[in-house]
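Here's the structure, in structure tokens; my notes come after.
Atom set for the values below is all heavy atoms of this structure, side chains included, hydrogens, waters and symmetry mates excluded.
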Amino acid sequence: MKKSKTGMRILILAILFIAVVGAIYNTAFTDKQAIKEGAKAPDFVLPELRGGTIQLSDLKGKGVVLNFWGSWCPPCVEEMPALNRAYHKYQDDGVEIIGINISESKVAVSSFVQRLNLDFPILLDQKREITNLYEIDPIPTTFFIDKDGIIQKIVIGGPMSDQTIQRYITQIMPE
Amino acid sequence: MIQLSSNLLLIAFILYMFGSIAFVISVTGRRWRNRAPEDHARRWGWIGFYLTLAGFFSQLGFIILRWMVSGHSPTSNMFEFMAFLGFTIILAFIVLYLIYRIPALGMFAVPVGMIMIAYASVFPKEIMPLIPALQSYWLYIHVTTAALGEGIFAIGFAAGLMYLIRTVDQTEQSSITWWKRKTTWLEFSISVVLMLVGFILMTTLFSTAGYEVTYQIPNEDGNVREMTYHLPSIAGPHNGQQMEVAFGPLFEAPEWMNGRKLNTMLWSILSGIVLYWLIRLLIRKRLSAAMKPWLNDLDPDVIDEISYRSIAIGFPIFTLGALIFAMIWAAEAWGRFWGWDPKEVWALITWLFYSAYLHLRLSRGWHGSKSAWMAVLGFVFVLFTLVFVNLVIAGLHSYAGV
Amino acid sequence: MGTVLCESCGKPLQQDEGETAFPDMRYDGVSRRSQTYSRTLVDKVWNFFSSVRNAVIMIIIVLIASAVGTVFPQEQYIPTLDPPEIYYEKAHGTLGKIYYQLGFHNLYTSWWYITLLLMIGISLVICSLDRVVPLYRALKKLPVKRHPSFLKGQQVYTQFEIDETEKERTLEQLEKGLKQKRYRVVREGNALVAEKGRFSRWGPYVNHIGLILVIIGVLMRLLPGFYLNDFVWVREGETKQVPGTPYYVKNVEFIEEYYEEEDLPEGVEVEGRVVKNYQTDAILYEQRVSDIPGAPPELVEVHRDQIRVNHPLKYKDLLLYQAERRINQLSALNLELIDNRTGESIGAFKLDLYNPPADIQLTDEITIQILEYYQDFEWTEDNQPRTKSPEPNNPAFVVSVISPQTPEGERSWIFLGSTLGSPDREPFFSYRFNKPDIVDSTGLMVRKEKSLPFIYFGSGVVMVGLIMGFYWQHRRIWIDLNHGPLQLAAHTNKNWYGLKREILQILKKMEIDVTIDQLSKGGKSK
């Protein structure tokens, strides 16, 4: 009789304990972000400024640098030339540099790209759907995605220097 | 119509006042009349009861008329709400009087209801159309149920106070440190009530006189904001510049405090203290000692039970109105059923406090005086939630302020 | 003294007050689990949570902590744009700084506050389990004959002599009277016991089960998919994805209404304008084909509603609330191109500020190219044009008119209400501004709250428990003629006054005169 009571107590206490620890852990300690380093980069498709569309999964096998930017954000503007240089430098090494403009009109983006002489592809996320999907808060935010589509590095803020860009690109460069 | 409804409220107030006087006669008069004390008490008790009942119907008329005129239930601003709370207190009193038939309860409970109505009259009385946030039938359901629960708690408070006045030993040794003496805390409880009365008196006095002082307060961005005081300024606003020649300010409020609210608070506390000492010097004894003989004929167990029963009856209603209906409305209006808004938190605090009361009473045997102290303190929480949170801690619930 | 009977929980009163004469009525002698052994750690933990004293202490701690959390606003309610580390010190001085440093600015989501709440939850479970079994056992059997000392020990007790010959008749009358008052009566020889409202004893447990359900409901929100909280701005005419869902919402029209004279009851005057209604006429679409994000969606209309404050759009478990608005925002500039030689208008054109065209074919011969666009224009320090936000608050365009006279294009800046041409030569064209297009945006709060019905159900159970427990009383009356005089004892868990009055009514019918004071002659009265 006594044994079974104690066993019952242990069971009840164990269930409660697990529930409580789980709940506390969930509320106070977990970050609820699905987008983080080591996670798979969600697939998407967006129109490219100069025509056509680009789908992320089509770039499998290549390293991808995703740069979320807006023309109103000074550090974004500042790091554009460095990204453009990286684009030319690593074009043949299987690394794609892709800019994703947040919510601006084609005309505004187009004139901006012309002024800065940018050559790498710029995708237009006019409805911020991909921006929301990637949980972008401050910009610029840059994702370095390896050939398997895994996010290796997230750089929040900027501007990034050539060295910074280079360092993370080497991490995602396919052999 | 509006005038008529206001008059009905005034009539109700006067009837409550006569009702209270009748209850006082019923209780105190049994010794100084030459007739059978039981008959006397019973007769005057019923007179008091019927006067109160008449006042109740008059106030019901006020509510119905105002509802008809405005098209929404009169619970949409501070004036309407506090008057409604007074109404629920009287309602709860009527019900409990019919059960227990103790005139002394009327002597305490009816004035509590009156104080609420008087307090209501401090706020702007104009009928205002409902802003979108208040356009919901939950305004009627949530506010009225919560007010009813709180009204019943008020009876618990009145009975708790009666119990304490009846039982606290007035001959306590003066060798006991003052803050350990029960009489001190009882006097303190009474003076808190007097502070509310003092506040009502002061605001009514100065607003009838049309008193007004304006301050100009420079903002950080160089703009100037104006703040109008309706009471002479003890505490001025931070960095405020008085625009007319008038009394004060004696000092400035800290930067993060609203000067006018602080000033109003100070006036309430000071006038309460002055009122208390005025009465005390006049009667030359503690207020509780003066009231004690009125209650000597009562069985403390019965008062204890009235206090407990009020809380036991009020608790489910309060839970329903102030927490559950509040949750449902919050989910409808704000998209979350609970958001830790100060008012929500204080409703929860009140609820937790009364649930502690019930647990202590039911399972730890906290009867009599411990229980009575908690009943008194519980209603202080209610008042804090209704008054202080609205006026001082602004949140989503702030109606029009003073 | 009043009741020592707990309907829910609690240690025996004897320990507190040192009284042993009075029978422990709580579970009528059935021992509670937590009182039997306390040797192992498990027992100690169990006993900690089964103590009402500890539960009340936890309640008081939560109460005080909650109160402290309202002294200054929580982080989510900070009224300014300052970050919290600056706001608290700036707005509330040193106290504010301490408040922030102690973490009170996020009190209600702090680990220790949640731990406390959950400990109260555990206490609810264990207190109830610990007590409900002995209570059930105690209430199941209701012995008719009790020891005289048990009867005398009850708070309500009286005894009076009756004639030997009257005994049977008295008992029968009593039984009849009690049954009229809806008592369940059991008689055994010269004794009887009457009981009613037993179910009210279960009230606290029902109430506690409800509270546990509410807590589970709240915890369920932590599971993925049960709770969603987002926000979306939608311009009039625009269709936007509802974040985190397969739905799209179109803002057909945003309406802001004010109370007019005729809306107000007679004699009511209003200072200033009072808002009567904020409303978004919305269409909800669902993307049926699950496609990759970003692809042009194939939308199917699923729901139309007028979203107002207090009237959210509800579709399945999606909720859209009217939360914010931006009214009268510029959406397009309307211009006319003027031929400077004739002074006449060549044609009108529109510059959409959210999606301007790349070029506009004005006539067969004249084309306007849009070369540059800045939504929120300003000059940088080194005199470069730039936009300072993505919102078209201060739009500026560089346009070029290609015409037979200007095959290379004539460039010009177009600002809000003004233009700036090349200073080199007299321009061929100028521009006339017409009334711009304006548009309202609605800010919709996006919610999913799948556990809400569960929480409401839990609340309903709480109410049933509270009503059972507080609006009914468990009353028991014993009457015994075996020991000489008629002994009458009674017990209730609350409302002693009501119980006594009920007994008096029954006795009065039998023309037995007992006063309420005589009824209180039990072992507990002074």
I need the [X] [atom1] to [Y] [atom2] distance, nearest 0.5 Å.
X: C/C127; Y: B/H359; atom1: SG; atom2: NE2; result: 7.0 Å
X: B/F353; Y: C/I59; atom1: CZ; atom2: CD1; result: 11.5 Å
X: C/T70; Y: B/W340; atom1: OG1; atom2: CH2; result: 11.5 Å
X: B/S136; Y: C/R308; atom1: OG; atom2: CZ; result: 11.0 Å

Please state whether the side chain, the backbone, both or neither of [X] comes within less than 4.5 Å of a heavy atom of chain C.
X: B/I324; result: side chain
X: B/W338; result: neither
X: B/F381; result: side chain
X: B/M327; result: both
X: B/I328; result: both
X: B/S371; result: neither

Mind checking whether C/N310 and B/P132 have side chains closer than 4.5 Å, heavy atoms only?
no

Side chains of B/F337 and C/V218 in contact at under 4.5 Å (non-hydrogen atoms):
yes

Okay, side chain of C/Y259, backbone of B/P129: is any donor-acceptor separation there less than 3.5 Å?
no

Using modelled atom types and a 3.5 Å cut-off, is there a donor and acceptor pairing between side-chain atoms of B/Q135 and backbone atoms of C/K276?
yes

Do other residues, nucleotides or ligands put more than 12 heavy atoms under 6.0 Å from the NZ atom of C/K97?
no

Please check if the number of heavy atoms outside B/W138 that lie under 6.0 Å from its CH2 is greater than 12.
yes

Which residue out of [options] racks up the most heavy-atom pairs below 4.5 Å with chain C?
options: B/G339, B/A356, B/G335; answer: B/G335
options: B/I306, B/L360, B/L348; answer: B/L360
options: B/E305, B/R309, B/Q3; answer: B/E305
options: B/L130, B/L358, B/T319; answer: B/L130

Heavy-atom contact with chain B under 4.5 Å, split by part of [X]:
X: C/R501; answer: side chain
X: C/Y278; answer: both
X: C/V446; answer: neither
X: C/I64; answer: neither
X: C/V56; answer: side chain
X: C/L63; answer: both
X: C/Y497; answer: both
X: C/E256; answer: neither
X: C/L452; answer: side chain

Give every donor-acceptor pair under 3.5 Å between a side-chain atom in residues 454-470 of chain C and any protein atom, sequence neighbours left out.
unit_1, atom_1, unit_2, atom_2, d
C/S459, OG, C/I455, O, 2.8

Flag the pair B/E332 and C/K314 as a salt bridge only when some basic side-chain nitrogen lies within less than 4.0 angstrom of an acidic carboxylate oxygen.
yes

Which atom pair, heavy atoms only, marks the closest approach of B/A312 to C/Y471?
O-CE2, 4.0 Å

If you take the centroid of each ring, where Trp contributes its six-membered ring, are C/W496 and B/Y308 closer together than 6.0 Å?
no

Does the pair B/I131 and C/V275 meet the rule for a side chain to side chain contact (heavy atoms under 4.5 Å, CB included), with working shown?
CA-CA 6 Å; B/I131 56 166; C/V275 178; 5.7 Å; no

